[in-house]
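Here's the structure, in structure tokens; my notes come after.
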Amino acid sequence: MSTRTVTVLNVAEKPSVAKSVSAILSRNQGLRVREGRSRYNKIFEFTYSIRGQPCQMLFTSVTGHLMELEFEDRYRKWHSCDPADLYHAPVRKFVPEDKKDIKRTLEEEARRCQWLVLWLDCDREGENIAFEVVDVCTAANRYVTLKRARFSALIDREIHNAVQNLVEPNKWFADAVDARQEIDLRIGASFTRFQTMLLRDAFVIDTPTDDRNLVLSYGPCQFPTLGFVVERYWEIQAHEPEEFWLINCSHRSDEGVANFSWMRGHLFDYTCAVIIYEMCTEEPNATVTNVKQQEKLKYPPYPLNTIELEKRASRYFRMSSEHTMKVAEELYQAGFISYPRTETDSFSSRTDLHTIVQEQQGHPEWGIYAQRLLDPGTGLWRNPRSGGHDDKAHPPIHPTKFSAGEAGWSQDHRKLYELVVRHFLACVSKPAVGAETIVEIDIAGEQFSVCGRVILEKNYLDVYPFESWGGSMIPTYTVGQQFIPTTLTLDSGVTRPPPLLSEADLLSSMDKEGIGTDATMHDHIKKLLDRFYVTKDSSTRFTPTNLGEALVMGYDDMGYKLWKPDLRAVMERDMKSVSEGVKSKDEVLANSLQQMKACFLDARLNKVKLLEAMGIFFERSNRAGGDELHATGEVVRKCGLCQESDMVLKKNRDGNFMVGCLGFPQCRNAVWLPGSVSEAAVTTNTCNICTPGPVYLIQFKFRQLEIPPNYSVNHLGCIGGCDEVLTQLTEICGRGPRMPARARGPITPTSHANQSDTRQGLCTNCQQTGHSLNDCPSQNLGSRNAERRRMNQHNGNFDLHAGEDSVSCSSCGAPCVLRTANTANNRGRKFYSCQSQECNFFVWEDNLNNSTGERSFTRSNTIPASNPGRNGGRGRGQRGRGSRSGPHAATATFVSATGDPISGRRCFVCGDPSHFANVCPNRGG
DNA sequence: GCAAGGTC
């Protein structure tokens with residue numbers, strides 16, 4: 001061991017780490033600081049001893065990556081080569097202009113050093129940056145000795161331990177990043193050039209930018225992010241509202257009101273609901289069967305990491321994630337909050353949490369709370385929970401300096417600082433405590449329940465007003481107590497589509513699927529907005545633009561998952577293999593690029609899919625010569641929306657008919673016609689109902705196999721809104737162009753609030769353009785259609801291929817045919833349908849067999865046997881007489897749980913076929 | 001003019 005002092009160049013990934021580590025190692029003794037070439041990256045100097053070796057330590061930093069990857073010059077220009085060449089064009093790493101000063105500092109300092117110690121973040125990117133630093137330093141001084149400091153937190157013990165146990169840099173980690181960079185560059189550049197050059201000039205793309213400057217970028221992170229937005233949008237469009245029924249019960253006493261909920265939730269079968277409701281109203285006496293009292297805790301949030309900060313700022317303040325990170329960065333630079341880019345959501349046991357709280361005691365708004373927190377007598381303190389993530393480099397985001405507001409702060413600086421402080425104080429507080437009482441009652445064998453809650457201690461909620469926990473008082477009940485409900489109603493509702501994705505939803509999806517990193521997610525979201533792929537409304541919800549939807553649709557029609565997270569997931573797995581030494585960088589690169597090139601070439605062969613998808617939304621540009629997709633058709637009426645142009649009948653390339661406004665794209669009024677239309681021609685006959693006229697009638701011919709048997713193949717119809725046949729067939733068969741085929745995966749009925757803001761001009765009832773929900777022509781038909789569905793459950797597209805398994809209709813005796821439903825909710829489900837056009841009988845096949853599952857619970861024509869007590873011989877004489885064996889009827893007779901045949905057309909109280917029992921005037925009570 | 005990843 002030489003006793004001669006060696007000079008050691010230490011390099012951290014960012015200035016803050018250089019400063020912290022220098023302070024720890026020098027113990028703030030003899031620490032000097034001087035300027036480097038870069039104004040942000042200072043150089044700290046102090047003496048230290050590494051394993052007995054006296055060292056003159058120089059500590060500086062970079063700012064993230066020092067180098068970028070680019071194609072060689074001759075491939076840089078867009079028209080310099082075929083985009084497919086970019087999969088093998090030579091690439092090089094270089095130091096960009098704005099990093100040259102850091103490079104010069106490293107070169108100058110390296111020349112006078114014997115050792116180089118790499119203090120970059122201990123993750124893959126950090127390891128890669130370490131090798132960039134090594135490249136620069138060894139080019140200036142090839143004799144320098146390389147060492148890596150491996151640390152897991154910026155705390156004394158870790159740092160001293162790291163410097164006394166220096167290791168070798170990990171090439172595998174760095175290789176993994178090299179592979180990722182190269183794949184991202186080649187895929188991104190090739191697809192971006194391809195789709196931009198293919199589409200930009202071929203269509204009139206109405207974006208706020210000059211067409212010539214429009215870039216239709218593709219990237220392995222931005223496209224899956226776009227995919228999340230489009231997928232949700234399609235889910236909303238494919239949603240078929242479904243009517244459901246539920247029984248509500250309330251009870252008012254001297255102590256207040258209790259609103260009981262039906263424990264079945266709701267039923268989709270009206271007849272079932274009516275039967276049960278009937279039983280309840282006939283024996284309305286309620287018996288309290290259970291009173292459950294329990295203490296409930298509402299826990300404070302986990303310590304704050306980047307994604308959570310972005311999500312909460314979006315939810316509480318509607319700040320964009322990009323703006324949040326900008327403001328957080330400024331607060332960090334000014335020393336008010338800790339480092340804002342961190343995955344960590346648990347505090348190290350060594351963090352001095354009390355001191356952080358102490359600093360906040362003087363704040364006019366939360367100072368008192370901080371004082372209470374520190375007073376052991378209050379018992380308010382509780383050690384923070386662990387969220388389970390630790391990036392080993394930074395603590396959770398927390399306040400680092402007291403402020404009651406600074407002169408230069410904007411409202412957003414104040415809000416974000418307040419969020420960070422209140423979140424921190426909440427984390428070290430006790431959970432809120434509530435007392436919950438759940439009361440269950442039985443009415444005629446049906447169970448109902450209500451929950452009351454009293455907040456006993458607010459605790460953390462006192463300092464965290466962003467979260468709330470509602471209390472609700474209910475009267476006192478005892479088991480066995482009986483009462484007559486104040487109200488007992490049969491109510492209806494309709495399933496709603498899920499809402500558009502909010503910024504917080506989007507961040508969650510990206511986080512879950514591994515798209516981007518905590519430091520880049522907001523960039524990808526911003527990129528979608530900058531590229532005009534999506535728009536964001538005032539409640540931070542995202543809608544794809546026509547451009548965004550068309551691009552995703554084009555690749556989807558090719559059958560590629562380029563807009564799904566899968567590609568990124570595969571790359572992530574490959575990177576992991578490289579970083580573990582399981583695969584080599586070259587192997588992964590060769591394999592991955594070969595596959596992606598094949599995919600690229602295939603996509604280019606199938607470019608017509610992209611063109612077709614774009615053609616649905618955009619006019620062909622004259623620049624590209626001609627407009628084959630929008631040939632002018634016959635005039636049907638004057639457009640009621642723009643009141644300028646004519647609406648004409650058109651046939652799209654995919655064979656579907658529509659009536660669209662010639663003012664397109666300025667006016668987007670359109671009526672989509674049923675997908676089952678095979679021929680359509682405008683006649684000279686006019687409608688004498690629809691205004692403003694004239695509205696010319698259209699002679700339609702439908703494909704027989706695609707419409708229910710009780711509809712005629714030929715139909716003279718009106719698109720003005722008066723034509724119920726057309727409306728029904730549109731509902732049954734789906735609209736022509738695209739939406740029915742877009743429903744991906746099961747669409748779960750949800751009860752979210754009505755869609756407030758979908759794409760402009762799109763009706764939320766029928767999803768067509770040209771009118772709003774309020775004046776939707778299908779709106780008033782909705783209830784009639786629901787009624788029709790109840791009467792005649794032929795609510796599907798029918799495939800008449802399976803005719804052999806026939807049974808006799810129990811209603812009229814005619815043969816029944818086994819068919820397959822083709823609606824979104826029942827696609828593939830078999831049912832028997834009577835062949836007689838006069839008879840409406842049908843029964844689901846799985847109700848005849850012993851099928852099980854939720855579907856039979858919610859949509860079955862028989863009452864589920866979830867409540868066997870109901871058949872206990874109560875009610876009117878005939879009820880309970882039935883020979884029902886299990887949850888499903890064993891014969892083709894359409895029966896209720898009680899065994900009663902159900903005609904579906906008469907009132908159960910008076911037998912009158914003109915109404916149902918819930919509105920029967922003879923029902924009484 | 002293209003990606004995504006660091007960071008001021």
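Lettering of chains follows the sequences in order, A, B, ..., and the numbering in each one begins at 1. The basis for the numbers below is simple: all heavy atoms, side chains too, and nothing from hydrogens, waters or symmetry mates. All figures in this text were calculated on a predicted structure; none of them were measured in a lab.
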Give a yes/no answer on whether the side chain of Arg531(A) brings an N or O atom under 4.0 Å of OP1 or OP2 in dC2(B). yes
Can you see if the side chain of Ser217(A) gets near the phosphate of dA3(B) - specifically, an N or O under 4.0 Å from OP1 or OP2? yes
Classify Phe194(A) by what it touches in the nucleic acid, base, sugar-phosphate, or nothing, heavy-atom distance under 4.0 Å. nothing
Is any side-chain heavy atom of Glu330(A) closer than 4.5 Å to a side-chain heavy atom of Tyr332(A)? no
Taking only side-chain N and O atoms of Tyr75(A), does any of them lie within less than 4.0 angstrom of OP1 or OP2 on dC2(B)? no
What is the nucleic acid contact for Pro83(A), judged by heavy atoms within less than 4.0 Å: base, sugar-phosphate only, or nothing? nothing
If only side-chain N and O atoms of Gln222(A) are considered, is one of them under 4.0 Å from the OP1 or OP2 phosphate oxygen of dA3(B)? yes
Determine the contact category for Thr192(A): base if any of its heavy atoms lies under 4.0 Å from a base atom, sugar-phosphate if only primed atoms, P, OP1 or OP2 are that close, otherwise nothing. sugar-phosphate
Touch class at under 4.0 angstrom, heavy-atom based, for Ile183(A) against every strand present: nothing
For DNA chain B, whose closest nucleotide is more 5', that of Thr520(A) or that of Trp78(A)? Trp78(A)
Please determine whether a side-chain nitrogen or oxygen atom of Arg200(A) lies at a distance below 4.0 Å from atom OP1 or OP2 of dC2(B). no
When you check the phosphate oxygens OP1 and OP2 of dA3(B), does a side-chain N or O of Lys527(A) lie under 4.0 Å from one of them? yes
Phosphate OP1/OP2 of dC8(B): any Arg341(A) side-chain N/O under 4.0 Å: yes
Is there a donor N/O on one and an acceptor N/O on the other, under 3.5 Å, for the side chain of Glu70(A) and the base of dC2(B)? yes
Using a 4.0 Å heavy-atom cut-off, does Ser61(A) contact any base of the nucleic acid, only the sugar-phosphate backbone, or nothing at all? nothing
Under 4.0 Å, heavy atoms only, any strand: does Arg39(A) hit a base, just the sugar-phosphate, or nothing? nothing
Can you check the Lys326(A) NZ to dC8(B) C1' distance for me, whole Å? 13 Å
Does dA4(B) have OP1 or OP2 under 4.0 Å away from a side-chain N or O of His65(A)? no
